[in-house]
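First comes the structure, then the notes that go with it.
For ligands, and for the atoms within them, numbers begin at 1 and follow the listed sequence.
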Amino acid sequence: MTDVTSAGQLIPAPRATEGLGEGTLTLGADTTLWAADGTGTTERWLRATLGAAFGLPLRPGPQDAPGAVRLLLDDTLDAEAYRLTAGPDGGVEIRGGAAAGVFWGAQTLRQLLGPDAFRRAPVRPGTRPVLAHGTVEDAPRFRWRGLMLDVARHFMPKDGVLRYLDLMAAHKLNVFHFHLTDDQGWRVEIRKYPRLTGTGSWRARTKFGHRASPLWEEKPHGGFYTQDDIREIVAYAAQRHITVVPEIDVPGHSQAAIAAYPELGNTDVVDTTTLSVWDSWGISPNVLAPTDTTLRFYEGVFEEVLELFPGEFVHVGGDECLKDQWRSSPAAQERIRELGLKDEDGLQAWFIGHFDRWLSARGRRLIGWDEILEGGLAPGAAVSSWRGYAGGVAAARAGHDVVMCPEQQVYLDHRQDAGADEPVPIGYVRTLEDVYRFEPVPGELTPEEARHVLGTQANVWTEVMEDAARVDYQAFPRLAAFAEVAWSALPAPAERDFAGFERRMTAHYARLDALGVAYRPPSGPRPWQRRPGVLGRPIEGPPPNR
Ligand code: ACM
């Protein structure tokens, strides 16, 4: 079998393809669909997407119906691996190692059928989708292929989140890291503490643009997901073989929670009753007080979070906790003495360690940003390495699992071009090619240590993305390059065929058009995507600069 990644213009590139382009079959009104037990909801997904796109019923039929689409399991394959065969008998067979593999195979089938397969309804009624004969053999490189979406800085209504889960599935991404809380908003209903959303989900106004912008959006911004919304999101993700990892950020990035429940803050150094949900960007100095009250409160929060999110991992943030209030707070200093800690960093480690044990006792695993390494972690805890590779290297060497998401490479809020038209003029310039050449596994790890790299994740922080169209612009097309890094067996960065990827992107842009994704065109922003000069001069260089 040859490694013909250009055949079928597939993104992410599959392991191997054979015979594509040497004969065709056509799906029509009489094409039936047969699914073996255990293949999950892919049968329904195919009817809902391909069926709708081409106006085909894809009626259930017997396994041996001529020309049928057949979904089945094959225990010689890994769970997420699949083999797709478009055969001369006129049918299509997708074999997956498990239901997930069948689903990823169905994503490939959709791409093979051309851009119209990504529409919601037929645009050219009567057109029948045609498929080249051949075989695709495929399996992912990493088991964690993630996207983090910050819905705290700007709220994305539920339908927008469901749409992003569909976009993830189309790119074979399988972990949705849901950044639900921050200084600027609390976005998940917690029944025990109604003010978290009652007060904490709205702010009176918003800094428009980056931190140094002179502009304000003088209107309230907010919103939150009810527990029913969350259950719907988690179920929708599960049908697409995507796990949702909720993030409740502690002990920093917590001003919205403190605005709602002032007793959570360092009340001996600030009058927390005067705090509101933050309206600007950066890192708030208002952090949680290291008290038993705070621990009990957040145990109450996490109890409900565990009911809502069945996945193995729960993200507790742990990033960018400013220690100034703890340094000046007599109560925090007393806590340091009582616990026999060295300093404020010890207090942060104590705080995270508490929830590490608390989650482990409930059969879950804690994951946090790489700052959580600083105080030692329980054996099962994992790390999101964001400040570069170093955190990931240290975590893997200490025996912790790690997800590589270095801000220098895969923070998609950073601009993709140095041009003055770039509507989000912050951070490093990170082009499509830069993302394509990102290598998640640090070169200095031994093979044994490298086994701790669960995978990789692209992070979308939304300070400067006030709606879904802005998120689309920042995420795409770079998320397509990222998906290939996460899924495909690419060579070392310098040897990657970026020109070949760009050629396949021509087909992929047509798919994104059919999906209604407001991506950044290769020639630069469209007129309506520009925001020239309005946000002030671009901010250059390394964060924190959002
Ligand atoms: C982060 O970017 N503060 C994780």
Side-chain angles (χ1 to χ4, degrees), residues 144 146-154 175-187 207 210-211 245-257 278 280-288 313-323 345 348-349 351-352 355 366-375 377 381-395 400-415 424 426-428 430 435 438 440 454-465 471 474-475 478 482 539 541-546:
W144 185 302
L147 172 69
M148 189 220 73
L149 184 66
D150 167 15
V151 294
R153 270 52 176 270
H154 279 101
V175 178
F176 180 57
H177 174 164
F178 207 6
H179 184 78
L180 285 165
T181 71
D182 217 300
D183 297 313
Q184 295 87 357
W186 183 286
R187 306 279 176 233
K207 170 56 63 91
H210 54 58
R211 198 152 52 93
V245 175
E247 180 183 351
I248 304 292
D249 206 341
V250 293
H253 286 288
S254 297
Q255 185 169 322
W278 207 18
S280 191
W281 312 126
I283 309 171
S284 165
N286 294 302
V287 304
L288 298 176
F313 284 102
V314 175
H315 207 291
V316 300
D319 57 322
E320 300 178 318
C321 178
L322 296 180
K323 309 291 189 316
D345 289 341
Q348 148 110 1
F351 199 99
I352 296 296
F355 287 103
L366 174 143
I367 183 165
W369 302 109
D370 56 59
E371 287 94 330
I372 69 167
L373 275 171
E374 284 154 20
L377 282 175
V383 169
S384 309
S385 183
W386 75 276
R387 291 179 296 180
Y389 284 96
V393 171
H400 294 292
D401 287 343
V402 55
V403 175
M404 295 304 300
C405 49
E407 60 177 340
Q408 296 83 352
Q409 273 88 3
V410 285
Y411 268 36
L412 301 185
D413 54 332
H414 290 189
R415 60 206 159 127
V424 178
I426 60 164
Y428 306 102
R430 287 298 176 257
V435 173
F438 164 58
L454 296 179
T456 181
Q457 180 173 295
N459 293 341
V460 178
W461 301 101
T462 59
E463 288 93 332
V464 193
M465 289 167 230
V471 174
Q474 289 305 115
R478 292 182 295 182
F482 173 78
I539 297 191
N545 63 6
R546 282 188 277 269

- Note on the structure: Nearest heavy-atom approach of Met465 to Gln474 is CE-CG, 3.5 Å

- How far apart are the closest heavy atoms of Phe482 and Thr456, and which atoms are they? CE1-OG1, 3.4 Å

- Apply side-chain hydrogen bond (donor to acceptor under 3.5 Å, both in side chains) to Arg478 and list each qualifying residue two or more places apart in sequence or on a separate chain. Gln416

- Message: Any nitrogen or oxygen of Trp369, side chain or backbone, less than 3.5 Å from one on ligand 1?
- Response: no

- Task: With sequence neighbours left out, write down each residue that passes side chain to side chain contact (heavy atoms under 4.5 Å, CB included) with Arg387, or none if nothing qualifies.
- Result: Asp370, Glu371, Glu374

- Query: Would you say ligand 1 has an N or O under 3.5 Å from any N or O of Trp386?
  - Reply: no

- The atoms of ligand 1 lying under 4.0 Å from a heavy atom of Trp461, numbered in the order shown, are 1 (C), 2 (O), 4 (C)

- What atoms of ligand 1 come closer than 4.0 angstrom to any heavy atom of Tyr411? 1 (C), 2 (O), 4 (C)

- Task: Would you give the length of the straight line joining atom CG of Leu147 to atom CD of Gln457, rounded to the nearest 0.5 angstrom?
- Result: 7.5 Å

- Query: Any N/O of Asp319 closer than 3.5 Å to an N/O of ligand 1?
  - Reply: yes

